[in-house]
Amino acid sequence: MANKGGGFAVLVTGFSQITKKRIENKLAAYFQSKKKSGGGECDVAIVENGDALVTFFKTDVQKSVLERTHTITVDGQSIQLSVTPYSGKEENSKDDEQEFSSPVKKDSTCASEDLNKAVHAFNNKNFCGLKTVAEHLPRTRCLHVIPLPEAIVQDYLVLYFERYLRCDNNVEVHMDKSTQSAIMTFPNPEAVECVLSKTHGIKGHTLKMHRYYEGEKLTEFASEQDRNDSRPLKKDKTDSESLTQKNEDETKFTSSFVTEECDFKNKYYVSILKNQHLDKDYPTVQLNFDMMQNIVQITGMENDVLKVQIKLLNKGHQITNKIIHLSEHLRIFLTQLSNEGFLTQMFLDSGINAAYSYDDAEDKGVLYAASEKDRQKAEEKLKMTFAEVTIPIPVNFYMDSANNFKLFIEKITASVIREHLELKDIKEKYLLQHSLEAKDTSGQFACIILVGYRIIAEDVIVRIEKYMDENCMKDFFIEVPLLGVFEYTQRFVNFSDILQNVNVDFVKNEQSLGLQIQVSMKAATQTQTIIMDMLKQVKMQRKRLHNPGAVQFFAKNQDLLKKLENPYQCVIYIENQEGQQKDLSLSNKLETISSVMFLNKFKISVVKHNIAIHEVDAILHLTNEKFDCSTGLSKTLIETGGPEFQESINRLRKRQHLIKDNAVLQSSPGKLSCSAVFHAKWTKSDRQEENVLKKIILAVLNLTNEQLFTSIAIPVFMLGESSTWVMVKAIKEYCEKSRKSDANLTDIRLVSTDDASIKTMKKAVKQIIEPEGKHSKMPAVMKLALKHEKKNVPANPALRPQQEASRLPSDSKVQPDTAVTEINPANSNDRFLKCDGLKVILVKGNIGEQKCDVIVNTVSEDMNLSQGPVSTAILKQAGTQLQINTDKAKGSKNFKAGDVLSVSTKGKNETPAESLLLKSIGNITFELCCGSIFKKGTALVVEYVENKANFDIKRNGDKYYFPLRIKGHADITKSFLRALQKCKELKLDLLYIPVPKQLPSGRAPMDIRAFAAGVLDSVCQYEGTVQGRPIYVIVNDASYGHIQIFEEEMVKLQSGKAGLFHTVTRYLGDWLSGNQTSEDTTNISQHSVEPVKFQIYSMKEENIEAAWADIQKLATKEHMEKTIPVEIPFEKFTEEDLEEIEECCTRMHVCYIFDKADQGICLSGCITDICSVQDVIFKVCHEVGKREVALREEMFIMDKVCWKFWLEDHWETFIPKVNACLEKAYNGKENEIKVKIGGGDYCVIDFQKFTMTDTDGDSFRIDRRCTGDELPDTWDIGENQTACSEVHLKPDSSEYQEVAQGFRDTLADYATRQTFKIDSITRIQNPTLWRLYVARRNEMNRQRPHQQNEKCLYHGTYPDICPKINADGFNRSYCGLNAVFYGDGTYFAQNAKYSAHDTYSKPDANGSKVVYRARVLTGDYCKGEKGLKEPPLKDPQGNSRDRYDSVTDGASPPQAFVVFQDNQAYPEYLISFHV
C-alpha cells in the first residue's frame, strides 16, 4: 500500500544500538543500491522509537526489497536487518475532514475489534464528528508502574530489574511521588516484553506495569479498570487522617508474613549464596534455594525479608566469575566432577566458596566464586590438584593391541592409587582417567592422555614411560664393509628364523651399505651381538685366474657365475684394480683420450663421456632448424635437463620459429651440469657446406668467450674426415686469434661416447693442433717434404705405443708458441717434457721417496719439519737426523719469507727398506724390497746406462757401481748374468739390482715383467753353473705391485717352465746378445693381461673351493692358444699398425706375443675373442701389404724421377707418394691436380706454370729432376745450366749460420781473437764439377755401402787461385806449393785452424784470407808418405788391385787427408775472413 506521500514504505528494525545520524546515512546508501539491497531511489526517516521508515517511489522496488534478506556492516560488525511492509495513513473522504490518530501498539493485547475500548477517551464531545484512524505505535522501551507502594524506593526497583534482566546500569527509573507511579526505561523493547511476560511481586505487592510511549506521552491500558486503578488517590482527607491511616497500614503489614523471590543468573550463583549461610544471620527468615529455577525464595516478616533480599542481592552482586582456559580432556573431566557435585564439595572442604561450570554454548569453562579471593584460591586449587598429561608414544614403540595396552594402563593406575592412602575415600573415576589418541585415519596411536589428580598422574607417567622404553623398537645400523658379505647375508641368511620380533632391512646406496635393525630396547644388545657374530662367519677368499681373456669371458657370461652361487651357497664378485667389487656393465665414467696444450694457453681435449652429464661451463647443441628434440643427442639433453630445459627450448621455439643459418641461440641449462647451452642449426644437408660448420664453431667459441665462460663441450659426431678437420681447424683459428688477447675461454673439449668418432677426432687434433718439432712454424706444404716425413720405422712392441708416442725426442726443444702434449700425473714415470734443455717430470707419489739430488721444501720460520704434509713426508722418510741437520744449519739466524737454506741429509741419506719377498734359490738368497741400499758391507750395485761412453766400474766407498747397458729384452738375462759373474770375480757376496725406472733420456729400459723374468732366469742359470760362495741378490726400489709379478715368474721356474727369455736365449745363443747393435731391434715382444681377481663369499670353505673349481673349468673350457703366421716382416709395421693390434687385444683381453724368430703373433685368450683379434691382424697385414706394394712402386719412380719445390732458400723433395702422383699426372698430360697435405689442407699443382699453391694462397715453384743427376737443394739454378756461379750467402740465413759455426768451432784460438771476423761466405755452384763429384761418390758408395765415405774438410789457399778452383776444381798439379809430407796430392784438414794458417792461407794486401769448406770422398784410407802419386794398394803382395781411396797423417783420429783424384773433392763454400 502506498503511503500518504504517494510512496511505498517499509519498516526497518534491528539496529537500536547505532546512533540516529550514522544509521540514517548508512541505510540511505544501502537501500539506494540496487546491487546490494534490490532497492532504488528512496527516502529514509528515523522514527521516535529508533526504527527507520524507508519510502520507495515504485511498488516493484518495494517488492524487490521485501523478497531479500538484508545485512549491513557498521564498525566491522555485521547487523541483520528486519524489513517489514509499512501501511501509511488513509486520507479522509472529505478534504475538510480533520484527521486524528490514536496510538495502538501492534503487539498490544487489545485486538482491532476492541478498538472502541482502546479509544474510549475519544467519546468526548470534543472529538464528536471526527473520524478516528488507527495507527501502529513504535515499540517502546518504557514501562509505567501505577500505583507504586510507598515502601518501594527507586534504587530497589533498579536493583531488582537489573538482576532480573542480568544487565548492569542499563535500567533507569523516574519516580513521581505525587502520583505514586514510576517510569522505567529499559535498554531495548525486547527487555520490556521480557518484563511484561512475567508477574513481578515486591514486598508483597504485585506490580502493575503498562507500556509507556514517551514520545506520545501515552500509557497503554488493557482495560478501563486498569485505567481507573492507575488514577492517584484523592487527597481530600486531612493530613492527620492520612497519617493515622498510614500507621494502621504499617501495623497491619508488619504483623503479616510475606514471601519474596530473588532471581539470579544461574544455579552456580544460587549455590554460592547458599554456602554463605545467611539463614544463620536471619533466623526469622526462611530461605529456599531453588537450583532448578535459579531463584531464592525468602519467607518471613516483611522487614526481615526486605533486609535479606537486599543482602542476597548485594552478595550476588559480589560474586565473580572468570573464564579459565583448560585443555579439552581436562575440561570434560572437571565438568563431570562438577555435575556430580564433587568439585563444589572439594572447594568447601578447602574453605573455598566457589563452583565450576562448563558453558556448552560458548564452549568454555567458567569458575564462579563468592569473592575475588575465593576465585583465586579455587583456581589455584584446581591447578595444584588436577592435571592433564600427554605421553607421546614413540613411533617405534611395539604395541601388540590397543585393548591390552589400555588394560595395562588401568592396572598401573590401580596400583598407584593403592599406594596413596590419603585418597582411598575418593572414587577411582575421580582420581584418574586415560585415553589413547590416534593419528588422523592411520590408526596409529600417537599419545596417551592422562587426566585426574596430579600426584596420581605423575606416578603413572613414570611407570608408563619405563614400560615404553623397555618395549620401544630401537633402530641401529650395522655397517657391512664388503658388498659380498652384504649380498650373501641378504640372500642366504633368514633372520626371521633366528631372531623373534626383529625387523631387518638391507640398506644399499651410495652413502651406506649395511643392515638397519629394529628391535625392542631390552633385546637390542643381544640382537646386535648375534648379527655381528653371523656376519663374521661369512668367509671371503680372493682367487686369481691368469687365463687371458677370462675378464672378457666372464663379462659376457655373468649368468654363469650367478648359476654357481645358489648350488654352492656363495656369492662371487670380480675385483677391479682398487680391490673393490666392480660392475662389469658400462658406466658414465669420464675418460680423457688425449689432451693438447696449444700456444701454451689453450687446452684442447678429446673426451669420452656422456655430454649430458659432463661438467662444463657451456655446451654446444647442434640441432635442426625446427628444434626437433625427439632423437639422438637432443633427446638425451632433454631427458637429463628436465622440465626446466624443455621449457627454455619451448620459449626459443616461440621466439624463433626457425633457426637461421649461422645463428647461435642461448638457453638456460635446466638440470644439466653446465651454465648455458648454445643451439645452432646443423643438418645432414649442411654437411656438404663445410664453411657453415666453421662459422658455427667460431661463432659459438667467440660467444662463449664474451660471456666469460672458461670451458665448453662440443659434441663429436660422425661428420666424415673432412668435416672433422674443419671443426678442429676452426678451433685452431679461434686460438690463434685469441692468443694475444686476454681470452676467457681456454678449455675446449670434444666429447663423444662413440669410439669411431673419438678416433677420428683424435687423429684430426694430432695432425692439426699438435706441433711437428722445430718445423711447427713452417708452412703446411712442409708435410710434403721428404726429409720432414715421419719415417715408418718399426715401433718397439715391448713398449706400449701410447707410452712411446707420449714422449718427445730427447733432443727436441719446445718452441714458445707450439703445442705441448699434456702430461697426466697418474703416469708420472712415462710422460715428461723438455723445455729448452730443462726436463720437467710430473710425478704422482710421496715426495720423500723420490730419487733425486735435491728436494725443495717450504717451511715456517721456525724450521719445524713436523708441520705441514710435505715436511712431514720428507721427515718421515729421512728420519729425525734431518731435523737435527736443519736446526744446525739454521743456527741463530732469523729467516724471512723468500730465504733459502741448504740442509744436508748426511747421516740419514738412505731410504729405509722394507722386505717384500724373500726366497732361497739354491745357494743364492733372493730378496725383493722397497727402498734403496740398506745393508752394510761391500756390494756391487747395478747402474743402468744407455751408451758406450764408459763401461768402467766405479768405486765409491764400499760400493762398486757396475754400468749395465741392456740392448733389448733378449739381453736382460745375459746382462744380469754378467753382473753375477762380476760379483764372483770381485769376491763380493752382495748384489743390488734396482728396479728400472727411467733412463736419463726418459726412455724406460724394459718392461717390469721382462725384468722379473730376466733377473730370475739369470739367478737360476748362475746357481746351476757356479760353484763358490753364496751371493745375496737384492732387487731394490720395488713396490707392492711387483710382488705378484715376481711370484708368478717364480712359479714358472719352479714348475719347470723357465721364462720365455731363458728359453729363447738357450736356443738362439750369441745371435741375440752379441750381434744386436740397435736398441730398437726387438726380437720377441709380449703383452700380458692382468689376472681376473675373484672374491668368493660363503660360510663354508668347502663351498668356496667347489665354486672356484667350477670357475676354473669354465675358463679352461673357453681358453685357446693360437699362433697367427705373419708373412710380412715386423719392421714393416708402423706404430699405428701395432697400436691397432694392441688396442684390439687389450679390448678383447687377449694376451699376445710378437715372435720374430717364428715370424708370427702368438695369441692366448677366449676362442671368440681370438677370432676377433685374428680378423684385425689379417686386416692390418693386408693393409701393410698394400702399403708395401705401393711404396715399392713409389720408390721405383723416385729412383728415376725426383720432383722438388722451392721453399725460401732451398729445394725440398716431395715424399715418394706425392712424387709418384705428380709423375703420373705429368706423364698423363694433366694441366693441374689437387694434392692433400693432411690435416684438411691441400695444394694445387699447376704443370703449365710449374707452381704449387696451398690453401693459404701461397705459391711455390716446382721442378722435375732425374734421380742421380740432381743438383744440391740449395742451388737455385735450372737443371740444364752448366756455367759456374758464385752465390754470396746472407748472414741471417740458416745455411750461412751452419757453415760459419762449423768454421768457428774448428778454428781454435783464431776464433777468440778480437780481430777475427768472417767477411763473407760464398756458395760455389759449378754443375759440371758437381756432376763429376756425384758420379765418383755414387761409385764409391756402391763399392763401400756400409760406411761413411764423405767428409766435410777445410782447404786453405791464396785468393788469386780461387777463380781457378771455382771453375776447374782442386788440381793436384798445384801440389808442392806447400808441404807434401804424405804424398803428391791435394791436402785437406779436419779442423779449420790448420787450413787458416798463413802457410796455407796467405793473406792479401788487405789482410783477408780464404779457406774452402769442401766435400771430400775419403773412403778407405791409410797413413800416407812422401812421394806417393796415388793411394797405395790394400794388399802389399799385389794379389789385389784394390787401392785405398785416400791417405792421412796417421793421427788417431786423422787430422789431415790427401786425395789424388780431382773429382774426389768439390769446393762447396769459400770463406773469406780476417784474423
Electrostatic pair Glu193:Arg211 at N-O distance under 4.0 angstrom:
yes
Is it the case that the side chains of Asn266 and Tyr368 hold a donor-acceptor pair, with the cut-off being a distance below 3.5 Å and no angle test?
yes
Before giving the answer on side chain to side chain donor-acceptor pair (under 3.5 Å), spell out for His144 and Thr219 the whole-Å C-alpha distance, their side-chain angles and the decisive distance to 0.1 Å.
CA-CA 7 Å; His144 193 177; Thr219 301; 3.1 Å; yes
Side chain of Asn314, backbone of Ile310: donor and acceptor closer than 3.5 Å?
yes
Sub-3.5 Å donor-acceptor pair from the side chain of His70 to the main-chain atoms of Val65, do we have one?
yes
Straight-line distance of Lys274 NZ to Asp290 CG, nearest 0.5 Å
10.5 Å
Is a side-chain donor-acceptor pair under 3.5 Å present for Glu220 with Tyr213?
yes
Output, in order, the C-alpha distance, side-chain angles, deciding distance and verdict of side chain to side chain contact (heavy atoms under 4.5 Å, CB included) for Leu143 and Leu196.
CA-CA 9 Å; Leu143 287 179; Leu196 291 176; 3.7 Å; yes
What's the separation between atom CG in Leu287 and atom NE2 in His277, rounded to the nearest 0.5 Å?
12.0 Å
Taken in chain and number order and not counting sequence neighbours, the residues that satisfy salt bridge (charged side-chain N to carboxylate O under 4.0 Å, His left out) with Lys322 are Glu379
For Lys474 and Ala524, the nearest pair of non-hydrogen atoms, with its separation, is CD-CB, 3.7 Å
Taking all non-hydrogen atoms of both residues, which atom of Ala457 and which atom of Val389 are closest, and how far apart?
CB-CG2, 4.3 Å
About how many Å separate CG of Leu367 and CZ of Phe347, when rounded to the nearest 0.5 Å?
5.5 Å
Nearest heavy-atom contact between Ala370 and Gln276 is CB-NE2, 3.2 Å
Report yes if the side chains of Gln528 and Ile517 come closer than 4.5 Å at any heavy-atom pair, otherwise no.
no
Please name the pair of heavy atoms, one in Ala523 and one in Val519, separated by the smallest distance, quoted to 0.1 Å.
CB-CG2, 4.0 Å
Beyond-backbone contact of Ile393 with Ile448, side-chain heavy atoms, under 4.5 angstrom:
yes
With Tyr30 as reference, evaluate Val12, Ile72, Val44 under the side-chain contact (heavy atoms from CB on, under 4.5 Å) test and give the passing residue.
Ile72
Leu81 and Leu27: CA distance, side-chain angles, deciding distance, side chain to side chain contact (heavy atoms under 4.5 Å, CB included) verdict:
CA-CA 10 Å; Leu81 300 179; Leu27 292 176; 3.9 Å; yes
Salt bridge check, Arg375 against Glu372: does any charged N sit closer than 4.0 Å to a carboxylate O?
yes
Verdict with supporting geometry, Val195 and Phe161, side chain to side chain contact (heavy atoms under 4.5 Å, CB included):
CA-CA 8 Å; Val195 171; Phe161 283 106; 3.6 Å; yes
Test your reading of the model: is there a side-chain donor-acceptor pair from His200 to the backbone of Lys198, 3.5 Å cut-off?
yes
Note: Thr185 and Cys142 closest approach over all heavy atoms is OG1-SG, 3.6 Å
Are any non-hydrogen side-chain atoms of Leu53 and Ile46 less than 4.5 angstrom apart?
no
Under a 3.5 Å distance rule, please check whether Ser197 uses its side chain to pair with a backbone N or O of Cys194 as donor and acceptor.
yes
Is any side-chain N of the basic residue among Lys381 and Asp374 closer than 4.0 Å to the acidic one's carboxylate O?
no
Leu273 side chain reached by Phe264 side chain, heavy atoms, under 4.5 Å:
yes
Between Leu313 and Cys262, is the side chain to side chain contact (heavy atoms under 4.5 Å, CB included) condition met? List the steps.
CA-CA 7 Å; Leu313 292 176; Cys262 291; 4.2 Å; yes
At their closest point, which heavy atom of Cys447 faces which heavy atom of Pro392, and how far apart are they?
CB-CA, 3.9 Å
Could you check if a side-chain atom of Leu66 sits within less than 4.5 angstrom of a side-chain atom of Val83, using non-hydrogen atoms only?
yes
So, does Arg454 use its side chain to make a donor-acceptor pair with the main chain of Phe386 at under 3.5 Å?
yes
OG1 (Thr335) and CG (Leu343) are apart, to the nearest 0.5 Å, by 8.5 Å
Any chance CD of Gln318 has more than 12 other-residue heavy atoms, nucleotides or ligands included, within less than 6.0 Å?
yes
Evaluate the side-chain proximity of Ser271 to Thr344: yes if any heavy-atom separation is below 4.5 Å, no if none is.
yes
More than 12 heavy atoms from other groups under 6.0 Å of CD on Glu465:
yes
Are Ile391 and Ile461 side-chain neighbours, meaning at least one heavy-atom pair lies under 4.5 Å?
yes
Donor-acceptor under 3.5 Å (Asn353 side chain, Ile272 main chain):
yes
Does Gln297, at its CD atom, have more than 12 non-hydrogen atoms belonging to other residues, nucleotides or ligands within less than 6.0 Å?
yes
Measure from the side-chain N and O atoms of Thr140 to the backbone N and O of Tyr212, and report whether any donor-acceptor pair falls under 3.5 Å.
yes
Roughly how far, to the nearest 0.5 Å, is OG of Ser357 from CG of Asn321?
9.5 Å
To the nearest 0.5 Å, how far apart are CD in Glu261 and CD in Gln309?
9.5 Å
Taking Ser350 for its side chain and Ile352 for its backbone only, find out whether a donor-acceptor pair lies under 3.5 Å.
no
Any sub-3.5 Å donor-acceptor pair from Arg141's side-chain atoms to Phe186's backbone N or O?
yes
Do any N or O atoms from the side chain of Asn294 and from the backbone of Lys267 form a donor-acceptor pair under 3.5 angstrom?
yes
Side-chain contact, heavy-atom cut-off 4.5 Å: Val285 with Thr299?
no
